[in-house]
There are 2 protein chains.
Amino acid sequence: MKKGNLDLIKKMNRTLVLETIRRDQPISRASISKKLGLSRSTVTLVVNELLEKKFVFELGLGDSTVGGGRKGMKLGFNPKSGYGVGVDIGRSNIIIIITDMDSDIVFKEIYPSTNNVETIANYISTSMSKSGVDTKRIFGIGIGVPGLVNTRSGEIIELSALGWKNFNLLEQIQPYFKYPIFVNNDVNCAALGERWVDKTDNMIFIAIGSGIGSAIIANGDLVEGHHFSAGEINLFIDREDIKHGKENNSESIGVFEQQVSGLAFEKLGYSAEFVLSNYKKGQKEIDQIIDQFVNYLSITLANMTSFLNPEKIVIGGGVSKSLNVVIEDIKQKVASFTNIPVEIELACLGSDAGALGAIAYAFDKIQNEDFM
Amino acid sequence: MKKGNLDLIKKMNRTLVLETIRRDQPISRASISKKLGLSRSTVTLVVNELLEKKFVFELGLGDSTVGGGRKGMKLGFNPKSGYGVGVDIGRSNIIIIITDMDSDIVFKEIYPSTNNVETIANYISTSMSKSGVDTKRIFGIGIGVPGLVNTRSGEIIELSALGWKNFNLLEQIQPYFKYPIFVNNDVNCAALGERWVDKTDNMIFIAIGSGIGSAIIANGDLVEGHHFSAGEINLFIDREDIKHGKENNSESIGVFEQQVSGLAFEKLGYSAEFVLSNYKKGQKEIDQIIDQFVNYLSITLANMTSFLNPEKIVIGGGVSKSLNVVIEDIKQKVASFTNIPVEIELACLGSDAGALGAIAYAFDKIQNEDFM
DNA sequence: ATAGTTTGTTTATACTCCGAACAAACAAAC
DNA sequence: GTTTGTTTGTTCGGAGTATAAACAAACTAT
């Protein structure tokens with residue numbers, strides 16, 4: 001918990017009023033007062049401050065209530081009052097996206113990947129200049145990376161593709177910028193990105209690409225685990241795997257991943273796109289491969305549902321865009337394996353998910369850090 | 001979020017100082033000030049108030065620092081400043097426990113179970129009188145029940161053993177008491193109970209009795225799921241189950257539970273105690289039963305570990321007290337199935353876990369509710 | 001027109017923490 | 001024994017917060 005002082009209650013109420021206007025716009029000062037339990041005088045003061053800083057606008061008079069009374073001045077949120085920068089550092093590309101507060105993309109650029117911090121910082125600076133966004137309006141930078149991250153310290157614990165091991169990216173890159181910077185795992189970011197457009201407090205995000213990973217949001221917060229390793233579903237294993245001598249050992253890791261991910265198809269000489277687009281077109285071998293994939297995936301999703309009772313499971317990652325042909329099948333199977341209901345859907349953000357989610361993460365952090 | 005006002009910051013700082021004294025006692029006013037960033041004058045005011053209300057005591061002068069200076073007056077927490085009442089409504093018994101703030105049991109009584117609210121309220125009132133505890137010092141009542149609970153409304157969604165379905169226990173029993181009352185699932189309570197004595201922010205609690213259930217604590221909070229159904233691991237299922245035609249359907253529910261719980265042994269005509277105490281004593285059939293049990297349990301614990309990266313998994317419930325003979329085996333197996341490290345231990349609270357945990361739950365709620 | 005209602009602003013007040021000043025208590029050096 | 005420097009805890013005025021009450025303005029219904 002944080003200590004309480006006058007500054008804190010000021011910030012709290014500013015944020016509270018701003019969030020209320022954002023969610024319930026158009027709304028008058030009097031309505032805000034009733035809704036939040038703050039006095040009308042306080043709301044007036046707060047709103048005047050928000051108006052001055054251009055966080056909100058006056059939209060015009062509203063309607064009178066039945067029985068008369070002065071019309072209230074409707075207030076609206078200004079999405080251009082703040083911008084976030086999202087950086088998705090991938091194995092081959094670095095995607096930089098700048099959005100406003102409504103998650104509308106105002107700028108996007110893709111650079112070749114690198115592990116040189118100065119180069120990355122230059123990419124970010126360049127994008128910020130090119131975007132033409134008022135730098136004073138930028139609230140922070142979020143960075144997503146495909147590896148294990150200590151989100152407290154900003155240290156990349158392991159990211160072999162870029163040669164980072166126990167490398168404190170945050171400390172290295174912070175000196176280049178005066179904005180707060182937040183680093184997290186790319187799958188966690190993608191999950192937050194999906195959550196940004198599709199509010200929910202309890203969801204599981206599955207990323208199926210060449211490998212498989214997951215992110216968990218419970219009680220509205222990311223579950224990162226004791227050592228930031230939560231979501232490593234690539235390691236899942238079952239009795240049949242063990243019966244066949246499969247194990248997660250140093251030679252071969254990812255028992256589940258080798259059967260449910262792009263890797264599973266590649267091992268057989270196929271691409272995920274190819275097999276999925278040829279499903280149920282008369283080739284027995286392909287049908288069998290997919291059926292196994294769907295079966296094991298559905299069982300796993302069902303068990304996750306029984307375990308965490310999420311509102312929804314979102315499937316993303318490179319392979320997900322080919323999964324339309326089997327998504328109904330998956331839903332049906334999951335419903336037959338567990339009697340806890342769950343929504344299952346494919347991700348909607350595509351390759352932007354990581355960068356957008358990084359912004360969502362930065363935004364979440366800034367909002368929460370101040371009041372906890 | 002809650003609105004901010006002067007009352008809030010006062011409460012926050014009172015709680016903050018009290019918690020600091022509790023954790024770091026003996027500690028002086030000056031040290032508290034440094035630790036929390038509050039001014040010495042504020043700490044003085046707060047401590048005086050806490051002294052007046054007998055939440056803390058002055059213990060005597062401490063040591064001077066090197067180089068001289070006035071000795072600080074050491075402050076200590078008074079565990080007898082507050083008492084909690086825990087009620088574990090079981091299928092056959094109702095256990096009522098009263099503890100002080102250090103979770104020391106000052107009173108315990110066991111009554112026969114009933115679904116009559118007035119009778120339960122009488123049990124609680126009787127126990128409170130008998131205990132001799134100053135009623136002004138009681139901060140709240142926690143109630144644990146073996147069923148699905150909407151912890152927000154206090155409604156018991158389903159508890160067939162006592163004939164409760166969509167029954168709002170909180171609304172029914174609150175009129176009998178002026179203390180805040182909190183209701184939760186018994187396994188969730190037991191998990192909080194274990195966590196009370198063994199602080200951790202990320203743990204999974206498994207209750208193995210005649211059935212099997214679990215509770216999850218992530219980021220320091222209970223994970224209850226979208227509809228309070230999280231932890232239903234009795235429904236787990238794997239490819240081998242499906243191959244053998246097992247399913248979680250209306251006729252037979254709990255595919256995993258039927259193989260890993262007391263039920264699994266009873267189905268074969270044995271008690272859990274009997275088979276476990278006769279493990280590796282020359283009876284092949286028993287050894288095989290246990291091996292299967294341990295294998296499937298270990299696989300499941302490993303997958304939970306890969307998924308949530310908990311600091312520890314605690315195994316409780318009626319069967320757990322017979323599990324000593326296989327706990328080492330389980331630890332070894334889990335470590336071979338996942339390379340995410342996790343501590344595995346047997347629960348230490350026994351049959352008191354539910355009632356104690358209910359107190360821990362009430363305590364958590366009261367501390368958090370005021371500042372969120 | 002008039003009365004009743006609602007909105008938004010102004011003003012005085014109550015309450016919070018805080019910083020500076022202060023007295024008291026102590027160790028170390030002389 | 002005295003002095004010096006340090007630390008602790010208290011006191012008091014000050015800055016800043018929300019709030020209630022009073023007020024002005026805007027509107028409907030009769």
Side-chain angles (χ1 to χ4, degrees), chain A residues 1-18 20-21 24 26-52 56-75 370-371, chain B residues 1-18 20-21 24 26-52 56-75 370-371:
Chain A
M1 205 194 316
K2 220 188 133 178
K3 71 169 177 173
N5 56 21
L6 293 177
D7 242 44
L8 179 77
I9 65 178
K10 185 172 179 178
K11 272 191 193 169
M12 282 179 74
N13 289 338
R14 297 292 175 282
T15 311
L16 213 50
V17 170
L18 186 57
T20 305
I21 295 175
D24 301 331
I27 188 172
S28 69
R29 290 169 175 80
S31 302
I32 296 171
S33 163
K34 272 177 208 150
K35 182 155 187 145
L36 297 180
L38 290 166
S39 67
R40 287 209 308 279
S41 36
T42 302
V43 174
T44 292
L45 290 174
V46 173
V47 167
N48 284 348
E49 211 175 305
L50 295 177
L51 281 170
E52 189 141 357
V56 300
F57 288 135
E58 290 191 333
L59 300 175
L61 294 174
D63 296 328
S64 270
T65 34
V66 209
R70 176 173 165 181
K71 288 175 181 168
M73 174 58 75
K74 297 296 179 182
L75 301 163
D370 284 343
F371 322 113
Chain B
M1 205 193 317
K2 220 186 136 180
K3 71 169 176 173
N5 55 21
L6 293 176
D7 238 46
L8 179 77
I9 66 178
K10 185 171 177 177
K11 271 190 191 169
M12 280 179 75
N13 289 337
R14 298 291 175 285
T15 311
L16 212 51
V17 170
L18 185 58
T20 305
I21 294 174
D24 301 330
I27 187 172
S28 69
R29 290 170 177 80
S31 302
I32 296 171
S33 162
K34 272 177 209 150
K35 180 151 188 150
L36 297 180
L38 290 166
S39 67
R40 287 211 308 277
S41 36
T42 301
V43 173
T44 292
L45 290 174
V46 173
V47 168
N48 284 348
E49 212 174 304
L50 295 177
L51 281 169
E52 188 139 355
V56 301
F57 288 136
E58 291 192 331
L59 300 175
L61 293 176
D63 296 328
S64 271
T65 35
V66 209
R70 176 173 164 181
K71 288 175 182 170
M73 174 59 75
K74 297 297 179 182
L75 301 163
D370 283 345
F371 322 112

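Keep in mind it's a predicted model, so treat the numbers as computed, not measured.
The side chain of B:Ile9 lies closest to C:dC17 when the candidates are C:dA14, D:dT10, C:dC17. For A:Leu61, the side-chain atoms get nearest to D:dC27 when compared with the rest of D:dG9, D:dT19, D:dC27. Distances from the side chain of B:Lys71 to the nucleotides D:dT19, C:dC26, D:dT8 place C:dC26 closest. With C:dG19, D:dT7, C:dG8 as the candidates, the nucleotide lying closest to the side chain of A:Arg70 is C:dG8.
Mapping A:Glu58 and A:Leu6 onto DNA chain C by nearest heavy atom places A:Glu58 closer to the 5' end of the strand. Comparing A:Arg40 and B:Gly72 by the nucleotide of DNA chain D whose heavy atom lies nearest to each, the residue mapping closer to the 5' end is B:Gly72.
The CG-P distance, from B:Leu8 to C:dC15, rounds to 17 Å in whole Å. Atoms CE (B:Met73) and P (C:dA25) sit 11 Å apart, rounded to a whole Å. Straight-line distance from the CD1 atom of A:Ile27 to the P atom of C:dT7: 11 Å, rounded to whole Å. In this structure, the NZ atom of B:Lys10 is 22 Å from the P atom of D:dG16, given to the nearest Å. Rounded to an integer number of Å, the gap from A:Glu49 CD to C:dG8 P is 18 Å. When rounded to the nearest whole Å, the span between CG of A:Asn48 and C1' of C:dT9 equals 9 Å.
In this structure D:dA15 sits in a base pair with C:dT16, meeting the Watson-Crick or G-U test at under 3.5 Å. With a cut-off of 3.5 Å on both pairing distances, the Watson-Crick or G-U wobble partner of D:dA20 is C:dT11.
Remark: A:Arg14 is not in phosphate contact with D:dT17, judged by side-chain N or O atoms under 4.0 Å from OP1 or OP2. The side chain of A:Lys34 contributes an N or O atom lying less than 4.0 Å from OP1 or OP2 of C:dT7. The side chain of A:Thr42 places no N or O atom within less than 4.0 Å of a non-bridging phosphate oxygen (OP1 or OP2) of D:dA18. For the pair B:Asn5 and C:dT16, the criterion of a side-chain N or O lying under 4.0 Å from OP1 or OP2 is not met. Distances shown here put a side-chain N or O of B:Lys3 below 4.0 Å from the OP1 or OP2 atom of D:dT19. Contact check, A:Ser39 against D:dA18: no side-chain N or O comes under 4.0 Å of OP1 or OP2. In this model, the phosphate group of D:dA18 is approached by a side-chain N or O of A:Asn13 to a distance below 4.0 Å at OP1 or OP2.
Ionic pairing of B:Lys74 and B:Glu58 is not present here: no N-O contact between side-chain nitrogen and carboxylate oxygen is shorter than 4.0 angstrom.
Here the closest non-hydrogen pair linking B:Asn48 and B:Arg29 is OD1-NH2, 4.0 Å.
No hydrogens or angles were tested; on distance alone, nothing pairs the side chain of B:Arg29 with the base of D:dG9 as donor and acceptor under 3.5 Å. With hydrogens and angles ignored, no donor-acceptor pair under 3.5 angstrom links the side chain of A:Ser28 to the base of C:dG8. For A:Ser41 against D:dA20, a side-chain N or O and a base N or O form a donor-acceptor pair under 3.5 Å.
In this structure, the side chains of B:Met12 and B:Leu16 stay at 4.5 Å or more apart for every pair of heavy atoms.
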- Worked verdict on A:Asn5 versus B:Thr42 for side chain to side chain contact (heavy atoms under 4.5 Å, CB included): CA-CA 11 Å; A:Asn5 56 21; B:Thr42 301; over 6 Å; no
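With no hydrogens or angles considered, no side-chain donor-acceptor pair links A:Thr44 and A:Ser41 at under 3.5 Å.
Between the B:Asn13 side chain and the A:Gly4 main chain, a donor and an acceptor come within less than 3.5 Å of each other.
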